[in-house]
Student: 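Have a look at this one.
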Amino acid sequence: MSYFTHLECSEPCGAGHYDPRVEQHLCSCGAPLLARYDLDAAKAWKKESLAGRAPNMWRYRELMPLLDGQEPLTLGEGWTPLIHAKRLGSDVGLSRLFVKDESLNPTNSFKARGLAAAVTKASHLGARILSIPSAGNAANAMAAYAAAAGIDAKVFMPRDVKVPFIRECELYGAEITLVDGLITDAGRIAAERGKPLGWYDVSTLKEPYRIEGKKTMAYELGEQLDWQFPDWIIYPTGGGTGMVGMWKAFEEMEAIGWKSSTVRPRMVSVQAEHCAPIVRAFEQGAERSVMWPNARTVADGLRVPKAIGDFLVLRAVRESGGTALAVSDADMVRDMRELGTREGISAAPEGGAALHALRVLIEDGRVKPSDTVVVFNTGGALKYLDVLN
Ligand SMILES: *Cc1c(COP(=O)(O)O)cnc(C)c1O
């Protein structure tokens, strides 16, 4: 069973509850909607019940957005390894450095979590055609889950996206449109085409369930670290669902008594030097970001010049006492290689960016040798091999 009750605006706009039994996208005020649960009743749900459950993200189904009798669509997403990176840790002077290796998800990235949840819900709601704008990984994940659900998938990606992302969408039978520009342009074109035809739009934060898939990363960190949460979470940020999802998970775990202290991990949002809208807004003390002109980076997942949930990411970073920082492409590729050569981990440049950000924070003296740090490797190396040439 699930304690899922309703959807609610992420802003205090006064719009009231939204019914999850029908298709919902944004709030009438334009802000993202969030799934809400009866957290008081959920106090009856005990951690001990997790033992023996299937090793995928639906082990937390009591706080997943399933209505009574609904079953998830799964390809085995989630429950990825949390690797104690001892060799890299000794390189940087940390005895408790962990890498959460999201490359082991279906379709090679943590996007599988969000899209498993979103496609599950779309399928329960009877959607026939799904559409998504993507920088690459989200399109692959959506195409795979749509194939598994028997639903048509339309994906919109930048024309210069790396070839493996295109081929993998073809593999799952998605219809591909390549657009001039970035993910934001892809989003505009997908909406223009799809709206009149009633396509179900699964853009980041424009439907409420991708966050619910991503939040399971924080539940897993708790379970894998014996409910001692890390001091730092270092996370490569594009659209921001990972950050927003994990922050929401901490709130839920505190409410149901799974997380004893209200001290949360410091959240570090890592972006690319030439596409760093969140970092700039953070430094300027702004509540929202500004569209980044001429955004470019080899880390496709970070090529998001403006995120609809930017204010939620910034809020999480600030409330956590964390920070936001930008990394050059050369540095992220160098640390992508380090994850490979020192730990045997297949890392995307995005994962390399997170590791590099950690080095900067250690050098600044912000991360202490006794701190427990989790670096997220959000995807695998295989679709990015061109950057190693
Ligand atoms: C999409 C993506 C990101 C950014 O994730 P958000 O949660 O949308 O900020 C980071 N890394 C990889 C590999 C991605 O595909």
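Along the sequence shown, residues are numbered consecutively beginning with 1. None of the values given here were measured: they were computed from a predicted structure. Only heavy atoms go into these numbers, but all of them, side chains included; no hydrogens, no water, no symmetry mates. Whatever order the structure lists ligands and atoms in, that order sets their numbers, starting from 1.
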Student: Would you call Arg366 and Asp364 a salt bridge, taking side-chain N to carboxylate O under 4.0 Å as the test?
Tutor: no
Student: As a quick check of understanding, evaluate side chain to side chain contact (heavy atoms under 4.5 Å, CB included) for Thr204 and Ile132, giving each step before the final call.
Tutor: CA-CA 8 Å; Thr204 300; Ile132 195 168; over 6 Å; no
Student: Using distance alone, decide if ligand 1 has a nitrogen or oxygen within less than 3.5 Å of any nitrogen or oxygen in Gly242.
Tutor: yes
Student: Taking both backbone and side-chain atoms of Thr241, is any N or O found less than 3.5 Å from an N or O belonging to ligand 1?
Tutor: yes
Student: Does the separation of the ring centres of Phe250 and Phe229 fall below 6.0 angstrom?
Tutor: yes
Student: Do Tyr200 and His25 make the cut of ring centroids closer than 6.0 angstrom?
Tutor: yes
Student: Pull out every atom of ligand 1 sitting under 4.0 Å from any heavy atom of Tyr235, numbered as shown with elements.
Tutor: 7 (O)
Student: Which of the atoms of ligand 1 are close to Thr237, meaning less than 4.0 Å from one of its heavy atoms?
Tutor: 9 (O)
Student: Met243 to ligand 1: N or O pair under 3.5 Å?
Tutor: no
Student: Pro236 heavy atoms, cut-off 4.0 Å: which ligand 1 atoms fall inside?
Tutor: 4 (C), 10 (C)
Student: Starting from atom 12 (C) of ligand 1, which protein heavy atom do you reach first, and at what distance in Å?
Tutor: Thr378 OG1, 3.3 Å
Student: Is the CZ atom of Arg296 crowded by more than 12 outside heavy atoms at less than 6.0 Å?
Tutor: no
Student: Name the one of Arg264, Lys215, Lys214, Met267 that satisfies side-chain contact (heavy atoms from CB on, under 4.5 Å) with Met246?
Tutor: Met267
Student: Running the 4.5 Å side-chain criterion over Ile, Leu, Val, Met, Phe, Trp and Tyr, what cluster does Leu104 land in, apart from itself?
Tutor: none
Student: For Gly240, is at least one N or O under 3.5 Å away from an N or O on ligand 1?
Tutor: yes
Student: Using a 6.0 Å distance limit plus a 45 degree cone around the ring axis, check whether Lys100 lies over the aromatic ring of Phe376.
Tutor: no
Student: Where's the contact between Lys111 and ligand 1, heavy-atom distance under 4.0 Å: side chain, backbone, both or neither?
Tutor: side chain
Student: Consider ligand 1: state whether an atom of it lies below 4.0 angstrom from any non-hydrogen atom of Phe376.
Tutor: no
Student: Could you tell me, atom by atom, which parts of ligand 1 come under 4.0 Å of a heavy atom of Tyr384?
Tutor: 13 (C)
Student: Output, in order, the C-alpha distance, side-chain angles, deciding distance and verdict of side-chain hydrogen bond (donor to acceptor under 3.5 Å, both in side chains) for Lys383 and Asn140.
Tutor: CA-CA 11 Å; Lys383 296 180 215 179; Asn140 289 172; 2.8 Å; yes
Student: Could you give all pairs that pass the ring-ring contact (aromatic ring centres under 6.0 Å, His included) test and reach residues 49-94, with sequence neighbours left out?
Tutor: Tyr60-Tyr219, His84-Phe98
Student: When you compare ligand 1 with Gly301, is there at least one nitrogen or oxygen pair between them that comes in under 3.5 angstrom?
Tutor: no
Student: Evaluate the side-chain hydrogen bond (donor to acceptor under 3.5 Å, both in side chains) criterion for residues Thr80 and Arg113: first the C-alpha distance (whole Å), next the side-chain angles of each, then the deciding distance (0.1 Å), finally the verdict.
Tutor: CA-CA 11 Å; Thr80 55; Arg113 296 177 188 262; 3.3 Å; yes
Student: Return the closest protein heavy atom for atom 5 (O) of ligand 1 as residue, atom name and distance.
Tutor: Phe110 CZ, 3.1 Å
Student: Quick one: which ligand 1 atoms are inside 4.0 Å of a heavy atom on Glu350?
Tutor: 10 (C), 11 (N), 12 (C), 13 (C)
Student: Any idea which atoms of ligand 1 are less than 4.0 Å away from a heavy-atom of Gly238?
Tutor: 4 (C), 5 (O), 6 (P), 9 (O)
Student: Tell me which part of Asn137 gets within contact of ligand 1: side chain, backbone, both or neither, using heavy atoms under 4.0 Å.
Tutor: side chain
Student: With a cut-off of 4.0 Å, which atoms of ligand 1 are near a heavy atom of Lys214?
Tutor: 7 (O)
